[in-house]
Every structure is written in C-alpha cells, then in structure tokens.
There are 2 protein chains.
Amino acid sequence: MYEKKIYENLDCGINVANKILGGKWRACIIDSIARGIRRPSGLQREIPEAPSRVIQMHLRELEALQVIRKETTGSFPLKAEYFLTPLGESALPLIAAMDQWGNANKEYVQEVYAAMIAEDAANS
Amino acid sequence: MYEKKIYENLDCGINVANKILGGKWRACIIDSIARGIRRPSGLQREIPEAPSRVIQMHLRELEALQVIRKETTGSFPLKAEYFLTPLGESALPLIAAMDQWGNANKEYVQEVYAAMIAEDAANS
DNA sequence: TTCGGTAGGGATAAAAAGTTCCCTATACGC
DNA sequence: GCGTATAGGGAACTTTTTATCCCTACCGAA
C-alpha cells in the first residue's frame, strides 16, 4: 500500500495480529466480508464513514497478505467479489472477541475519553 | 498525549479495542505490566526496541484511559509503579488471544510479507 | 565531585495512516 | 446523448503515530 521504510518485527504474535487487524477499518472490512458483503460497492455502503479510497487500499493489502481472495467476473456487469481465505476465517473469533470486549467497555471508555478531551480543551 | 483533530467514533466495539490495544507497543506494555514488570525502567529493559520516550507516552495515555494506575513512592529511591486497573485486567484474555493467533500464523504472514517486500523492491 | 540509576518531558523529525479530489473505463436504462 | 452504476487508481494533502535528541531533577555510591 504505502512503502514502508522501517523493518517490521513480526516475531511477536501481537505485532502480527496488529498488522492484520489493526488500523481504523481493517477488522470492520473483514467482518463485513464474513457477513456476506462481498463486493466493493456493498462494502462502501456498509461502512459509509470510511472513504472508498481507503477501503480499496485495504482490500488490496488484505489480498496481498492473503487474508482475503478476489474473484472477478471479467465480462459483465463488472463484478468483483472478495472472500475470506482460511487465514481470514481464522481471524474471525479474534475479531468477535475484540468486538465483544470493546462493546462491554464502550460506555466506560467513552466517558473517560470525553473527560480527557474536556481537560485538553481546558488546558488550551 | 497528542491533540486529536478528528472525532473518534467509539460506538463500534472494534474501534474501542483498537483504541486501547492498537499501536505498536500498547499490548506489549500492558502484557509486561501484567507479568509483574511494574516500573518504567523495567519496562524499558523489557522492550528495548521501543524508545523510552514512546513508552512514557503510552504509560501516560493508558493511565488517562484508566487501563493502568500509577503509584509513586514520592520520597526515595524515586519509585513509580504501574498496576492494571480492572479494565486493564479485563483486556488480558484478549491480548492473550491476539498473541496466540498471531503466533499461530506468524510464519505464514512473515513469508507473505517477505514476498510483498521483494515484489515492491522489484517494482522500483 | 563525578557517575550511575531513577522518573520524566520539550522540541522536532520522520514515517505511516487516513482523507480528499478527481480521474479512467465499461455498459445499462432512459 | 446523459445519468448512473460498476471497479479502480493517481496525486496531493492532513492527521496521527513513532522515533530521535537532548534536557531537568533527585539521591546514593565511589
């Protein structure tokens, strides 16, 4: 996607997980594909806050990382579909766990975050 | 820590999880604290690849997010200790799951990643 | 007194990630 | 022909994150 200039240490499992699932829209995209939204246009409708350009780029990188796989109907009505590879499938429980934990602590974190923002605003 | 200019949507559990556990060293720091490495100097020795400045900043932000809690022995030999809060504790299983999944797929991802890099190099 | 260990921060640079704008090309329906 | 939908990308930009450098201040030990 972008050219990396710094060597990435993928010895640590946590870094590997972050590399694939980290980022603002990654897990969201994977989750949507798993839920059956396979086409780029559908994904863009599913996640309207994400710029379509960004979704495209993530799709390309996830494909390069072999988390998803693309199938094109070359002819017509121009169709592209993305599917999870076994690697992608294997990430689903982890994504579900992240979502669950995040939702369980959402209110709390939102509160604390709001307080942080307020304090920042007061200090400036 | 840094002043954010863009509103962060914390409605989605995945985003909440990424906010707290995402980033290059976050999960690593939390995990180290959980393993009993409670003092800043110890953490810096534990994760020597991470600049100490970065560790400091993460500690401050994790504290602000109430994932960890600081105790200072004000007097002497200048001592600071960090402990997980209940929120921090609750993240441990998730971190463990990330680590486990990452380690299970490490070789595979490393391989694919190496191929990507090689291809990039060939194209430039 | 100088050195080492502790905890911490300011300033700035560099890298990465995300955003925006605008473009290609195809084919359908009106 | 015109508008709309499909899939996709180039270029430039902003925001966020990470890294580098160098500093304060404390006290003990040598």
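None of these values were measured; they are calculated from a predicted model.
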* Asked: Who pairs with A:R69 by salt bridge (Lys or Arg N to Asp or Glu O under 4.0 Å), at least two apart in sequence or on another chain?
  -> A:E71

* Structure fact -> Residues passing the side chain to side chain donor-acceptor pair (under 3.5 Å) test with B:Q110, sequence neighbours excluded, are A:D11

* Does a side-chain N or O from B:W25 land closer than 4.0 Å to OP1 or OP2 of D:dT17, or not? -> no

* Asked: Is the distance from OP1 or OP2 of C:dG18 to the nearest side-chain N or O of A:H58 less than 4.0 Å?
  -> yes

* Asked: For the pair made of CD1 in A:I55 and P in C:dT19, what is the distance, rounded to whole Å?
  -> 10 Å

* To do: Could you state the atom-to-atom distance from CE of B:M57 to C1' of D:dT17 in whole Å?
  => 8 Å

* Find the distance A:R38:CZ to D:dA7:C1' and express it as a whole number of Å. => 18 Å

* Taking side chain to side chain contact (heavy atoms under 4.5 Å, CB included) as the test, write out the residues that go with A:A34, two or more places apart. => A:L84, A:L92

* To do: Rounded to the nearest angstrom, tell me the gap between atom CD in B:Q44 and atom P in C:dG9.
  => 12 Å

* B:E61 CD to C:dG9 P: how many Å, rounded? -> 13 Å

* Asked: Are OP1 or OP2 of D:dA5 and a side-chain N or O of A:R45 less than 4.0 angstrom apart?
  -> no

* Asked: Who passes side chain to side chain contact (heavy atoms under 4.5 Å, CB included) against B:Y108, sequence neighbours left out?
  -> A:Q66, A:L87, B:V112

* Asked: Nearest to the side chain of B:P51 - D:dT20, C:dA16, C:dA7?
  -> D:dT20

* Structure fact -> On a heavy-atom basis, the closest approach of B:K19 and B:R26 is O-NH1, 2.8 Å

* To the nearest Å, how far apart are A:L62 CG and C:dA17 P? -> 13 Å

Mind listing the side-chain donor-acceptor pairs of residues 45-53 of chain B below 3.5 Å, one per line with the distance, residues two or more places apart or on another chain?
unit_1 : atom_1 : unit_2 : atom_2 : d
B:E46  : OE2    : B:R35  : NH2    : 2.3

* Asked: Is the number of heavy atoms from other residues, nucleotides or ligands under 6.0 Å of A:Q100 CD greater than 12?
  -> no

* Asked: When you check the phosphate oxygens OP1 and OP2 of D:dT6, does a side-chain N or O of A:R39 lie under 4.0 Å from one of them?
  -> no

* Qualifying salt bridge (charged side-chain N to carboxylate O under 4.0 Å, His left out) pairs, either residue in residues 95-108 of chain A, two or more places apart -> none

Are there any protein N/O atoms within less than 3.5 Å of an N/O atom in nucleotides 8-10 of chain D, and if so, which ones and at what distance?
unit_1 : atom_1 : unit_2 : atom_2 : d
D:dG8  : OP1    : A:K70  : NZ     : 2.8
D:dG8  : OP2    : A:Y82  : OH     : 3.4
D:dG9  : OP1    : A:R60  : NH1    : 3.0
D:dG9  : OP2    : A:R60  : NH1    : 3.4
D:dG10 : N7     : A:R53  : NE     : 3.3
D:dG10 : N7     : A:R53  : NH2    : 2.8
D:dG10 : O6     : A:R53  : NE     : 2.7

* Round to the nearest Å and state the distance from B:K79 atom NZ to C:dG5 atom C1'. => 14 Å

* Asked: For A:K24, what residues pass the side chain to side chain donor-acceptor pair (under 3.5 Å) criterion, not counting sequence neighbours?
  -> none

* **Contact nearer the 5' end of DNA chain C, comparing A:G22 with B:S41** => B:S41

* Asked: Just how far, in rounded Å, is P of C:dA13 from CD1 of A:I6?
  -> 17 Å

* Asked: According to a strict under-4.0 Å criterion, is B:K24 in side-chain N/O contact with OP1 or OP2 of C:dA16?
  -> no

* Structure fact -> Angle separating the five-pair end axes of the helix from C:dT1-D:dA30 to C:dC30-D:dG1, nearest 10°, is 20°

* Structure fact -> Note: A:I33 and A:Y82 closest approach over all heavy atoms is CG2-O, 3.5 Å

